[in-house]
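Beneath this line is the structure, given in structure tokens, with notes to follow.
Letters A, B, ... mirror the listed sequences (proteins, then strands); counts begin at 1.
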2 protein chains.
Amino acid sequence: MDALTIHEAAQTTGWSPRMLRYVERIGLIEPPRTDAGYRMYGPEELQRLRTLRELLDDHDVGLADIAFALRLRQEDALRGDVESWLKARPQRPETVSADDWLSWEQEKHARLLAATTTPTMENPAR
Amino acid sequence: MDALTIHEAAQTTGWSPRMLRYVERIGLIEPPRTDAGYRMYGPEELQRLRTLRELLDDHDVGLADIAFALRLRQEDALRGDVESWLKARPQRPETVSADDWLSWEQEKHARLLAATTTPTMENPAR
DNA sequence: TGAACCTTACCACACCTGTGTCAAGGTTCC
DNA sequence: GGAACCTTGACACAGGTGTGGTAAGGTTCA
């Protein structure tokens, strides 16, 4: 008497057996197997299934999102690239301090000077 | 002569105008507007569009994934919950040190004792 | 004023996500 | 040996993602 079968685990956690297989397939919860290949859900798996459900409900995210967060945690190159891309998002005046607003206006000047040879909007309305 | 229109920006970055609007809608790149509402793509936006393309291609991720990474960075509660859930993933003997394997076996004992009244697999084949 | 842009708001479509059901075959246990 | 499980694999389907169009109307500029 060691662990629950997939149907039992489903009943006690509120997931369906189908979804337990799905959650396993996308790499979120991979229960050990018996020699015959039967999934065995122990207390940790059951707990994780319940907290996973909470996570999804509380923040309105999907399983694919959590799977992506897992990728972020496991693939260093991916995490680095994503983080540096996000970090570079331009901070616009509305969202930053008065000091930053000043440098924003100066930077705008630089942008003007840096404008290229490509055809552009003439006299933009601001 | 300040910034490019959406069609010009599309041409120089390889995105379609349609996709530039989509990228804006999901919150990844929101160019400033003229008084008339025209999107103005400056050098930063163009650069970010190009690096975004690279990011997607290099790691085979989708725009929705990046949008989720942005949520993770902006919503503290979400990030905390996701991280603590992922951090708790069970380390199985195959992937950890001999010491941990020992405690794994002991823990298994605890699981046996904790087994509930629910019907369970009899004599699991390991 | 008219050509050539821009805007938003729809219709459309292929693929992915999340979920169910069913079939064909192996395992457990009495 | 047979009931009641388990396995994988397939068909199905709604809703979201990623992309294209097209229409109705405002803006820019020669």
Return no unless some side-chain N or O of A/Arg33 is found under 4.0 Å from OP1 or OP2 of C/dT27. no
So does A/Arg39 get a side-chain nitrogen or oxygen closer than 4.0 Å to the phosphate oxygens (OP1/OP2) of D/dT8? yes
When rounded to the nearest 0.5 angstrom, what is the spacing between CZ in A/Arg73 and CG in A/Leu78? 13.5 Å
Distance in angstrom units between B/Asp35 CG and D/dG26 P, rounded: 17 Å
Using the closest heavy atom to pick a nucleotide of DNA chain D for each, name whichever of B/Tyr22 or B/Pro17 lands nearer the 5' end. B/Tyr22
Is there a side-chain contact between A/Thr5 and the phosphate of D/dC6, meaning an N or O under 4.0 Å from OP1 or OP2? yes
Salt bridge check, A/Arg25 against A/Glu30: does any charged N sit closer than 4.0 Å to a carboxylate O? no
Is there a side-chain contact between B/His7 and the phosphate of C/dC5, meaning an N or O under 4.0 Å from OP1 or OP2? no
Candidates C/dT27, D/dT8, C/dC6 - which lies nearest the side chain of A/Ala36: C/dT27
If you check the B/Leu63 side chain, which of D/dT19, C/dT17, D/dT8 turns out closest? D/dT19
From the options D/dC6, C/dG20, C/dC10, select the nucleotide whose nearest atom is closest to the side chain of B/Arg18. C/dC10
Please report, rounded to the nearest Å, how far the C1' atom of D/dC5 is from the CD atom of A/Glu8. 9 Å
Just the rounded figure in Å: distance from P of D/dG18 to CD of B/Glu24. 16 Å
So, A/Trp85 side chain and B/Leu55 main chain: donor-acceptor pair closer than 3.5 Å or not? no
Nearest whole Å is fine: how far is D/dT28 P from B/Leu4 CG? 17 Å
Rounding to an integer number of Å, can you tell me how far B/Ile6 CD1 sits from D/dT28 C1'? 17 Å
Should A/Ser16 be listed as having a side-chain N or O under 4.0 Å from OP1 or OP2 of C/dG20? yes
Looking at C/dT19, D/dT8, C/dG20, which one has an atom nearest to any side-chain atom of A/Trp15? C/dT19
Would you say the base of C/dG26 and the side-chain of A/Tyr38 have a donor-acceptor pair closer than 3.5 Å? yes
A/Leu20 CG to D/dC6 P: how many Å, rounded? 11 Å
Between CZ of A/Arg39 and CD1 of A/Ile29, what distance do you get to the nearest 0.5 Å? 12.5 Å
May I ask you to say what A/Ile26 touches in the nucleic acid, namely base, sugar-phosphate or nothing, with a heavy-atom cut-off under 4.0 Å? nothing
Could you tell me whether A/Glu45 and A/Arg50 make a salt bridge, using a distance below 4.0 angstrom between a side-chain N and a carboxylate O? no
A/Ile66 CD1 to C/dC16 C1', in whole Å, measures 17 Å
Can you tell me the distance, in whole Å, between the CZ atom of A/Phe68 and the C1' atom of C/dC16? 16 Å
